[in-house]
Amino acid sequence: MRRRTRVARRTSAATALVLALVGCATDERAAQTSLSGEQVYRETCSACHATGVANAPRLGDRKAWAPLVEEGQAVLTAHAWVGVRAMPPGGGRPDLSLLEFGRAAAYMARAAGERWEDPDAEMLERIREEEEKRVEELRAKKESGTGS
């Protein structure tokens with residue numbers, strides 16, 4: 001009986017390790033095959049950010065982007081991800097991952113002269129935290145009747 005228990009424990013540990021490694025490989029593969037910031041910009045963001053529709057800051061317009069990038073990468077990306085002003089959540093593209101969306105935000109900030117890197121795991125966590133804050137802020141405003 002003890003031998004079966006030891007074998008079962010070893011099998012469970014080995015299975016957990018394999019599943020963890022497969023999960024990491026899947027995450028890494030997804031990150032490698034997902035869209036770049038430039039691709040997302042060209043396919044989605046350019047509809048507004050190339051033309052300035054609804055006062056969207058144009059790609060490369062340092063002056064228009066300056067007050068936005070001052071908010072910081074996590075805040076700007078989270079607010080845009082949730083939806084801000086005339087911009088719908090996720091830029092109106094629900095199939096984008098937060099990573100892809102964050103890459104597009106970083107791409108546009110770089111075009112405006114900033115030194116933003118594509119989001120890594122730490123930055124994505126900070127963006128998620130800011131997203132939660134923004135959603136709660138919007139919920140409170142809605143409940144109080146003060147709008148967005």
**OP:** Carefully, step by step, assess E130 and R134 under the rule salt bridge (Lys or Arg N to Asp or Glu O under 4.0 Å).
**Re:** CA-CA 6 Å; E130 290 297 333; R134 181 64 175 161; over 6 Å; no
Original post:
Shortest non-hydrogen contact from L99 to P119?
Top reply: CD1-O, 3.6 Å
Original post:
Does the side chain of E125 come within less than 4.5 Å of E122's, by heavy atoms?
Top reply: no
Original post:
Going hydrophobic residue to hydrophobic residue with side-chain gaps under 4.5 angstrom, can you get from V75 over to V84?
Top reply: no
Original post:
Less than 4.0 Å between a side-chain N and a carboxylate O, is that true for E137 and K133?
Top reply: no
**OP:** Answer yes or no: is there an ion pair linking D120 with R126, defined by an N-O contact shorter than 4.0 Å?
**Re:** no
**OP:** Group every Ile, Leu, Val, Met, Phe, Trp and Tyr by side-chain heavy-atom contacts under 4.5 Å, then state whether M123 and M108 land in the same group.
**Re:** no
Original post:
Are E131 and R128 close enough for a salt bridge, meaning some N to O gap below 4.0 Å?
Top reply: yes
**OP:** Compare all side-chain heavy atoms of P89 with those of V82 and state whether any distance is below 4.5 angstrom.
**Re:** no
Subject >> Sub-4.5 Å side-chain heavy-atom contact between S46 and H49 >> reply: no
Subject >> Test ring pair (Phe, Tyr, Trp, His ring centres under 6.0 Å) applied to Y107 and F101, Y41, W116, the passing residue >> reply: Y41
Original post:
So does D95 pair up with R93, basic N to acidic O under 4.0 Å?
Top reply: yes
Original post:
Does a side-chain heavy-atom distance below 4.5 Å link W81 with I127?
Top reply: no
Original post:
R103 pairs by side-chain hydrogen bond (donor to acceptor under 3.5 Å, both in side chains) with which of S34, S97, S36?
Top reply: S34
Subject >> Side chain proximity check, R115 to R110, heavy atoms < 4.5 angstrom >> reply: no
Subject >> Euclidean distance, D118 CG relative to Q73 CD, rounded to 0.5 Å >> reply: 8.0 Å
Original post:
Taking C-beta and beyond as the side chain, do E114 and W65 meet within less than 4.5 Å on heavy atoms?
Top reply: no
**OP:** Taking S144 for its side chain and K141 for its backbone only, find out whether a donor-acceptor pair lies under 3.5 Å.
**Re:** yes
**OP:** With the side chain counted from C-beta on, respond yes when P57 and L68 share a heavy-atom pair under 4.5 Å apart, and no when they do not.
**Re:** yes
Original post:
Are the side chains of L35 and E43 in touch, meaning some heavy atoms are under 4.5 Å apart?
Top reply: yes
Subject >> Joint hydrophobic cluster, L76 plus L59, side-chain heavy atoms closer than 4.5 Å >> reply: yes
Original post:
What distance do E100 atom CD and T44 atom OG1 have between them, rounded to the nearest 0.5 Å?
Top reply: 9.5 Å
